[in-house]
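Take a look at the structure set out below.
If you're wondering where the values come from, they're calculated on a predicted model, not measured in any experiment. Labels below follow one simple rule: chain letters A, B, ... track the order of the sequence lines, proteins then strands, and each chain is numbered from 1.
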Protein chains: 2
Amino acid sequence: MNTHGAEARTAILKVLSEIREPAGATRIGVELGRAGINLSPRTVRFHLRQLDEQGLTELISPRAGRVISEAGREELAHANIVERVGFIDARVDELAYQMDFSFEKSAGTIIMNTAVILKRELSRSLAQMEPVFEKDLGMGGLLALAYPGETLGRLTIPPDCIGIATVCSVTINGILVRHGIPVVSRYGGLLEIRNFKPVRFVELIEYKGTTLDPLEAFIAARMTKVREAARTGEGIIGASFREVPANARAAVKKLHTRMQAASLGGIFAIGEPHRPLCGIPVPDGRTGVITTAGLNPVAALQESGARIPLRSLASLEDYARFKPWRDVCRQYRRG
Amino acid sequence: MNTHGAEARTAILKVLSEIREPAGATRIGVELGRAGINLSPRTVRFHLRQLDEQGLTELISPRAGRVISEAGREELAHANIVERVGFIDARVDELAYQMDFSFEKSAGTIIMNTAVILKRELSRSLAQMEPVFEKDLGMGGLLALAYPGETLGRLTIPPDCIGIATVCSVTINGILVRHGIPVVSRYGGLLEIRNFKPVRFVELIEYKGTTLDPLEAFIAARMTKVREAARTGEGIIGASFREVPANARAAVKKLHTRMQAASLGGIFAIGEPHRPLCGIPVPDGRTGVITTAGLNPVAALQESGARIPLRSLASLEDYARFKPWRDVCRQYRRG
DNA sequence: GCATGATTAGGCAACCTTGCCGTAATATTT
DNA sequence: AAATATTACGGCAAGGTTGCCTAATCATGC
């Protein structure tokens with residue numbers, strides 16, 4: 001990406017001003033990556049030196065890196081940066097960065113999706129969702145219900161309705177990132193499965209190029225066949241495609257085991273380094289990872305006819321608020 | 001885009017092998033652009049000379065350009081190019097290139113979208129669609145119906161159903177391209193309108209990064225407010241965002257007038273060179289163009305409750321098959 | 001207090017990208 | 001047929017991008 005220089009430099013200034021502490025080229029490079037600007041650390045250093053010469057940045061020490069100078073802030077204020085229109089990838093990274101679930105404490109925040117159904121539909125709805133959890137086609141095995149007047153993130157449940165919260169698969173990003181594994185969320189899509197195994201993606205939308213969550217779109221458009229998938233092992237479910245560094249492959253597998261222990265397992269497949277996974281090519285040095293959509297159980301509901309308002313990547317929520325799906329279902333049957 | 005060199009060169013070879021005639025750097029650059037690889041003519045020449053040196057291409061004459069050599073074909077066969085997964089932008093360009101409507105003859109093929117409704121719903125459906133055509137929120141004013149057993153592209157109308165064909169806004173691309181104006185289809189989205197004028201895009205999906213037509217997704221997910229838009233002038237309609245060279249701005253305006261004369265007017269707004277249009281930034285040297293979705297009338301139907309199978313970018317169809325919407329509606333009322 | 005390891009910076013070199021401009025071959029017009 | 005216009009090529013130069021490698025600096029552990 002030959003990022004017309006000046007552009008790269010303002011981006012660097014911006015990062016530096018947001019970090020608020022000295023940073024080196026590596027760190028800055030990572031932050032730039034979040035904004036969709038991919039530059040090697042060396043290139044960042046190249047530009048940093050020019051910024052130094054212009055007096056816009058200052059070298060603190062060859063250990064700490066640089067900070068933005070007063071002149072740099074000035075410059076940044078003048079350079080009117082056209083803000084991006086709010087594409088989903090930004091939100092994904094933001095939420096993944098904010099969540100703070102920890103295995104050690106088995107506590108913290110995770111990212112959730114929400115849906116709202118009518119109170120009188122609850123029994124039928126849980127029955128629809130059960131097989132999806134049973135066959136592990138959702139994101140882990142947790143579920144939360146919210147009653148009228150309660151809130152799920154910024155959503156308040158209206159009278160006669162029930163809020164359903166599922167764990168969003170972006171929670172996986174959050175966990176990986178917290179363990180030092182950078183994750184790129186590439187596509188949301190529809191995954192064909194056969195014998196409960198992934199076969200190929202039939203539709204894809206790139207996170208980078210959409211303001212609407214792809215999974216939300218696919219489910220709202222009723223393009224899934226989650227019920228059938230849960231019943232027969234063949235069908236079409238929501239899934240997303242991520243990329244991790246090839247050398248982090250083992251670490252990801254290990255973390256996945258721990259996630260499963262916390263009922264947060266949602267990794268459906270991990271590819272080989274630089275090998276296409278389910279038809280999706282992977283750049284050199286990276287490995288593809290497929291995660292199942294947290295909304296899959298809700299997709300099953302949608303398929304059964306109801307029109308359900310749903311929101312993926314809704315907000316952060318406390319891990320403690322979620323319960324194993326079996327418990328939720330059992331509890332409801334009793335009460 | 002620092003296209004790792006070798007990659008650029010194989011891409012050039014591929015273009016050259018598909019063109020089947022001598023071509024210069026400019027021509028090759030345009031073709032590369034279609035594949036999402038943007039290189040300046042000069043850069044293409046740079047690589048061409050290297051290909052010459054490797055004996056993979058051959059200079060015919062400094063007027064005609066180059067051809068691929070036998071060795072070049074060999075090389076190309078070895079370089080296994082991972083084919084892209086079938087993103088929409090490719091289909092857009094393909095269809096735009098294939099259609100051959102001509103103003104002079106007022107005949108030829110155009111690109112259509114299809115939808116299928118129940119026969120008994122026809123009357124109500126036409127009534128729903130009328131205001132949308134009336135207020136010019138669709139793509140032009142043409143419409144075609146197909147009865148059971150007839151076909152629309154590869155779609156055969158089932159018993160008791162009626163097929164509805166509308167003109168796809170990609171037809172505009174086709175017309176512009178045929179008049180030498182290269183068009184880039186950037187986003188499909190939802191456009192907020194006020195007072196029948198475009199205000200801003202509320203959702204966007206990049207054509208380059210999706211396998212599902214964005215408009216199809218938005219309409220199927222019932223995110224439009226076309227009925228309201230037609231009734232009150234305020235609402236949310238399907239629209240797409242295109243880019244044309246800044247210096248073609250006048251030519252586009254002129255062509256739009258002719259399109260309107262052929263009932264194919266669908267350009268909703270043309271921006272200023274390099275100026276953001278409805279919140280979307282435009283690269284230097286280009287101008288933004290907003291076109292209304294051909295499916296907007298069908299979106300109005302969908303909003304009214306029915307669940308309508310629809311397909312955008314369905315196929316080519318003869319211009320003669322379409323009739324002015326007023327005629328279609330009148331004819332149906334009589335019969 | 002000193003060795004070790006991690007992190008950062010920057011020199012060097014190779015290569016990619018591109019604007020500008022002059023030259024050459026061919027089409028088109030007069 | 002000659003003049004003009006068009007189109008393509010490639011030299012030149014400036015600048016972006018990046019891998020490789022070495023030096024400086026700081027935290028940490030012995």
Please determine, for the side chain of [X], which listed nucleotide ([options]) has the closest atom?
| X | options | value |
| --- | --- | --- |
| A:Leu39 | D:dT18, C:dT18, C:dA9 | D:dT18 |
| A:Arg9 | D:dG16, C:dA6, C:dT26 | D:dG16 |
| B:Phe46 | C:dC16, C:dG10, C:dT8 | C:dC16 |
| A:Arg63 | C:dG5, C:dG11, D:dC9 | C:dG5 |

Roughly how far, to the nearest 0.5 Å, is the CG atom of B:Leu204 from the CD1 atom of A:Ile88?
11.5 Å
I need the A:Ile172 CD1 to A:Arg242 CZ distance, nearest 0.5 Å.
6.5 Å
Look only at the side chain of B:Arg91 and the backbone of B:Leu313, and say whether a donor-acceptor pair between them is shorter than 3.5 Å.
yes
So, is [X] near the phosphate of [N], with a side-chain N or O under 4.0 Å from OP1 or OP2?
| X | N | value |
| --- | --- | --- |
| B:Arg49 | D:dG11 | yes |
| A:Thr43 | D:dT18 | yes |
| A:Gln50 | D:dG15 | no |
| B:Arg66 | D:dC9 | yes |
| B:His47 | C:dT17 | yes |
| A:Thr26 | C:dT7 | no |

So for atom CD, which belongs to A:Glu58, do other residues, nucleotides or ligands contribute more than 12 heavy atoms lying within a distance under 6.0 Å?
no
Could you check whether atom CD of A:Gln50 has more than 12 heavy atoms from other residues, nucleotides or ligands sitting under 6.0 Å from it?
yes
Which whole-number value in Å describes the distance from [X] [atom1] to [N] [atom2]?
| X | N | atom1 | atom2 | value |
| --- | --- | --- | --- | --- |
| B:Glu21 | D:dA8 | CD | P | 12 Å |
| B:Ile28 | D:dG10 | CD1 | C1' | 15 Å |
| B:Leu48 | D:dC9 | CG | P | 7 Å |
| A:Ile60 | C:dA9 | CD1 | P | 11 Å |
| B:Arg42 | D:dG16 | CZ | C1' | 16 Å |
| A:Asp52 | C:dA9 | CG | P | 9 Å |
| B:Leu51 | D:dC9 | CG | P | 12 Å |

Give one of base, sugar-phosphate or nothing for B:Ala64, where a contact means two heavy atoms less than 4.0 Å apart.
nothing
Any N or O donor-acceptor pair under 3.5 Å from the base of D:dG11 to the side chain of B:Arg45?
no
